[in-house]
There are 2 protein chains.
Amino acid sequence: MTSNPSDHQSPTASLSDRIFEQLQTAIVKGEITAGSKISEPELAKSYGISRGTLREALSRLEERYLVVRSPNHGARVATLSYDELIDIYQVREALGGMACGLAAHNMTDEEIADLKRLLDTHEKSINEDQGLSYYQQEGEFDFHYRILQGSRNGKVLSILEGGLYQLMRMYRYQFSTASPRPYQALREHRRIVEAIEERDGELADLLMRRHIRAARTSIEERRQASLSQKG
Amino acid sequence: MTSNPSDHQSPTASLSDRIFEQLQTAIVKGEITAGSKISEPELAKSYGISRGTLREALSRLEERYLVVRSPNHGARVATLSYDELIDIYQVREALGGMACGLAAHNMTDEEIADLKRLLDTHEKSINEDQGLSYYQQEGEFDFHYRILQGSRNGKVLSILEGGLYQLMRMYRYQFSTASPRPYQALREHRRIVEAIEERDGELADLLMRRHIRAARTSIEERRQASLSQKG
DNA sequence: CAATATAAAAGTGTCGACACTTTTATTTTA
DNA sequence: TAAAATAAAAGTGTCGACACTTTTATATTG
């Protein structure tokens, strides 16, 4: 359905690889409560594996900011603060813009055509369920993921997809805040693809940055509103 | 001497943390040959630790692109290709520019004053040994590290310092290519600090991007020369 | 003698166990 | 009864061992 790489897993992957993936999605989806303490023996038993294997997965999760460890005190599931989310959006703005500019030069005509078809699918999906669905949210990631791939820059792909997107997913699950502005976002996506199609890297960069900045601003405004409501 | 964080290590760090650090610097400095196969029992014995502990360190190294693992075939020290280096410079350009723009808003006056003093030190160091020394190279990283800190964005700091700078260090050690343009680089550093001092984020961003792009171009040109020399 | 089959060696993936540290529960004492 | 001291429980850090896989070395065969 989606071309998101974090869904499936190579069949030759080792046990600790699979555990790593499973834990990652469990944390992202909130199935393991954010901020909760992790008991290694308990968790290992529940997954039916040894502690050593679990530990290997945990150190990789730590490297991805998904768990926090302190010596002799054990591991906790990370909690994502508002400030951190803003930090991530800033990084995304810079990196996503750059990747989009590169994609305008490096994507094949086929890839671009595929991307347009993807947006058609999104439009239908939005019309059907008012943009509230799970798939609409993942579709957003799918769109960005394809552009990262199109940039042909392996590093930016692994930084965003491997590290940062998971944290954003986690935040969205926690506050169940599906894209608040689906139609607007779709329009912006279309313009970005147009720029890529015209091989205008500079414009593609600029539009992508603006798109991500708008998403961030929308989050900031919503927070501002909910803060002034309370105090 | 330098404020680079990868030099020292918290005293309460676990054994696998320390091994992780040791291996990282050993790989970066080329003490463990790039591309060579890693025998877990052998390496564990040479460090006087168990394989489990070593394995934990290896999975973190893998997450940082410093070792590559394939199931049942073991781990190899990563080799950094020219193309990958260019990818990294692109990421650095986008991220370093952003961080510099933020630093212009967020650094304290003291931090800026410190930064200027650091550049004075660099100037002396360049005059003394024609910019060839080890310290001159690390000084460059030091400069960039401080600006990352000044950005007050924890994510960009950990992405660049934790992940990418190590790879660049590795490349420099491998090809023993200390900054090829020390005086020019110093001038650019000074201008960047000026922009920060004037709290001109937009200019600081632009100058930093240009600075990093110049470094990349210099690498590309050098490669072009050495290629046409052969063919 | 080259190519294939077979056996040994080395290596990775995974587990269970023990020492030492932190936390929780219990007992002692002011 | 509340606070401090002590004991028990739970948990983390680290290690050694075994099964199964890959690689290397040896033997077999056309």
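A note on names: the letters A, B, ... follow the listed sequences, proteins ahead of strands, and every chain is numbered from 1.
- For the pair A/Ile49 CD1 and C/dG13 C1', the computed distance is 12 Å after rounding to whole Å.
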Salt bridge (Lys or Arg N to Asp or Glu O under 4.0 Å) between A/Asp17 and A/Arg60, worked out | CA-CA 9 Å; A/Asp17 281 345; A/Arg60 289 175 60 187; 2.6 Å; yes

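- OP1 and OP2 of C/dG13 both lie 4.0 Å or more from every side-chain N or O belonging to A/Ser16.
- Taking atom CZ on B/Arg55 and atom P on D/dG13, their separation rounds to 18 Å, with Å as the unit.
- For C/dG13, its base sits under 3.5 Å from the side chain of B/Arg51 at one donor and acceptor pair at least.
- Between the CZ atom of B/Arg69 and the C1' atom of C/dG11 there is a distance of 13 Å, given to the nearest Å.
- Relative ring orientation between B/His211 and B/His189 is described as perpendicular, the plane-to-plane angle rising above 60° on a 0-90° scale split at 30° and 60°.
- Out of D/dT23, C/dG13, D/dC15, the shortest distance to the side chain of B/Asn72 is found at C/dG13.
- Side-chain atoms of A/Ser50 lie closest to C/dC15 of the nucleotides C/dC15, D/dC15, D/dT22.
- Residue A/Pro41 has its side chain nearest to D/dT12 when only D/dT12, D/dT14, C/dT14 are considered.
- Here the P atom of nucleotide C/dT23 and the NZ atom of A/Lys37 are 8 Å apart, to the nearest Å.
- Look at B/Ser14 and you won't find any side-chain N or O under 4.0 angstrom from OP1 or OP2 of D/dT12.
- The side chain of A/Leu15 lies closest to C/dT14 when the candidates are C/dG13, C/dT14, C/dT21.
- Counting to the nearest Å, the C1' atom of C/dC15 and the CD atom of B/Glu56 are 15 Å from each other.
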